[in-house]
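Both backbone and side-chain heavy atoms feed into the values below; hydrogens, waters and symmetry mates do not. Each chain gets a letter, A, B and so on, in the order the sequences are listed, and its residues count up from 1.
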Number of protein chains: 2
Amino acid sequence: MSDLHIQTVSSYELGLKLDMNPAQIRKDLAYFGEFGRKGIGYDVSYLIEKIKQILKLDRFLKIGLVGAGHLGIAISNYNQYIKENFSIRAIFDTDPQKVGQKIGSAEVFHLDDLQREIEDKGIQMGIITVPAQEAQKVADRLIDAGIRAILNFAPVNLKVPPNVYLRNADLTTELQSLAYYL
Amino acid sequence: MSDLHIQTVSSYELGLKLDMNPAQIRKDLAYFGEFGRKGIGYDVSYLIEKIKQILKLDRFLKIGLVGAGHLGIAISNYNQYIKENFSIRAIFDTDPQKVGQKIGSAEVFHLDDLQREIEDKGIQMGIITVPAQEAQKVADRLIDAGIRAILNFAPVNLKVPPNVYLRNADLTTELQSLAYYL
DNA sequence: TAGATTGTTAATCGATTAACAATC
DNA sequence: TAGATTGTTAATCGATTAACAATC
């Protein structure tokens with residue numbers, strides 16, 4: 001039974017797995033506090049918890065997605081895989097045909113109800129999958145509704161205030177890096 | 001007229017724009033050859049051409065996309081924006097309803113015709129937007145057909161030989177980095 | 001206790017920046 | 001020529017690795 005459950009791991013073992021120098025690993029971990037025990041190593045499950053904390057993966061994020069087009073639908077469905085830490089709680093569109101439908105596990109609301117649903121559902125993050133020319137307007141509305149983190153799929157440079165974190169999911173960048181390695 | 005057309009730029013000016021040290025810029029550029037002229041600076045249009053060459057953005061890439069689902073359709077349409085350096089030349093799916101249709105500017109072919117179309121059209125790169133459980137099979141077929149660069153959107157770790165460059169477009173990573181900054 | 005392994009200080013290495021001869 | 005600016009060598013800085021006292 002002795003080695004059926006690995007309880008601890010040394011910086012040396014981690015270094016082998018991660019192809020890193022053990023001293024580097026010890027230094028990195030020590031930066032966030034004293035995790036390990038001298039002569040013993042690091043408690044694996046405690047370490048996992050700590051790393052989750054450090055990477056802020058120990059919380060649950062509620063997402064609002066704007067734009068129930070092909071990309072929006074794809075992401076909403078994809079969402080089901082990654083339920084652990086994130087979930088799309090509401091989808092917004094202006095198309096009356098789409099409003100009221102369910103996509104994945106979330107309902108489609110009219111864009112005009114954005115503020116209300118974000119507040120009601122405690123949504124913290126926005127995903128924008130509308131056409132480029134609509135994206136800035138949508139971003140502004142999300143920000144007005146209190147959203148401080150936005151993932152933008154529209155191929156346009158959005159202007160957001162400095163207290164809002166914006167990330168662009170840019171297909172072009174991905175393609176370029178592939179082109180480079182070709 | 002003298003300053004209507006800026007012909008050259010100094011490492012100092014570039015440094016201001018890019019928020020980098022001028023020496024760093026000179027060193028980086030000099031690494032790829034002698035671009036600049038002493039006492040003058042860098043010829044702007046020549047520099048742009050050179051950088052495109054360095055980043056391998058001076059060529060045109062033909063793409064084959066497998067999986068005409070929501071995500072595949074979204075990317076095919078999106079594609080119209082970025083025609084400069086890339087274009088999706090063929091889309092593959094097994095759904096007979098979709099075969100023969102046009103999405104964006106590309107035609108949908110049956111997956112069985114993958115090899116033929118890739119050869120006929122000189123396609124160099126593959127994008128995978130099929131469900132996770134199909135992705136490995138599709139990757140294998142692309143590789144068999146001679147593709148050496150794949151952008152994978154399926155949430156699965158594909159196994160590819162070392163001479164194939166694989167890039168995963170992972171929504172989870174994007175969301176996590178947003179979560180971090182929240 | 002002896003062996004193992006941490007956290008941290010000291011040594012090494014590499015990357016960034018400054019300085020300068022070459023030259024436009 | 002004098003001023004400007006490169007490419008590159010030398011100096012500086014920071015990050016990585018090695019070494020080791022502390023201790024389980």
**Sequence neighbours excluded - side-chain hydrogen bond (donor to acceptor under 3.5 Å, both in side chains) pairs with any residue from residues 144-164 of chain B** = B/Asn152-B/Asn168
**Prompt:** With a 3.5 Å cut-off and no angle check, do the side chains of B/Gln53 and B/Glu49 form a donor-acceptor pair?
**Reply:** no
**Item:** Cationic N near anionic O, under 4.0 Å, B/Asp113 to B/Arg116
**Value:** yes
**Fill in**
Base-pair string, DNA chain D, Watson-Crick plus G-U, cut-off 3.5 Å on both distances, | for inter-strand, is ..||||||||||||||||||||||
**Asked** With sequence neighbours excluded, what pairs up with A/Ile73 under the side chain to side chain contact (heavy atoms under 4.5 Å, CB included) test?
**Response** A/Asn77, A/Ile103, B/His70
**Prompt:** For the side-chain contact (heavy atoms from CB on, under 4.5 Å) test, which of A/Ile51, A/Asp43, A/Val44 pairs with A/Leu47?
**Reply:** A/Ile51
**Prompt:** Reading DNA chain C 5' to 3', which nucleotide is the first, and which the last, to come under 4.0 Å of any heavy atom in chain B?
**Reply:** C/dT16 to C/dC24
**Asked** Where does the angle between the aromatic ring planes of A/Phe35 and A/Tyr46 fall among parallel (under 30°), tilted (30 to 60°) and perpendicular (over 60°)?
**Response** tilted
**Item:** Members of residues 45-52 of chain A that approach DNA chain D, where some heavy atom sits under 4.0 Å away
**Value:** none
**Message:** For B/Gly36 and A/Met20, find the nucleotide of DNA chain D closest to each by heavy atoms; which residue's nucleotide sits nearer the 5' end?
**Reply:** B/Gly36
**Item:** Separation of B/His110 NE2 from B/Phe92 CZ (nearest 0.5 Å)
**Value:** 11.5 Å
**Prompt:** NA contact type, A/Tyr12, heavy-atom cut-off 4.0 Å: base, sugar-phosphate, or nothing?
**Reply:** nothing
**Request:** Tell me, please, which residues at least two apart from A/Asp120 pass side chain to side chain donor-acceptor pair (under 3.5 Å).
**Result:** none
**Asked** Does the side chain of B/Leu171 reach to within under 4.5 Å of the side chain of A/Leu151, using non-hydrogen atoms?
**Response** yes
**Asked** Which part of the nucleic acid, if any, lies within reach of B/Arg26 when heavy atoms closer than 4.0 Å are counted: base, sugar-phosphate only, or nothing?
**Response** base
**Message:** For A/Ala68, is there any backbone N or O sitting under 3.5 Å from a side-chain donor or acceptor partner on A/Lys98?
**Reply:** yes
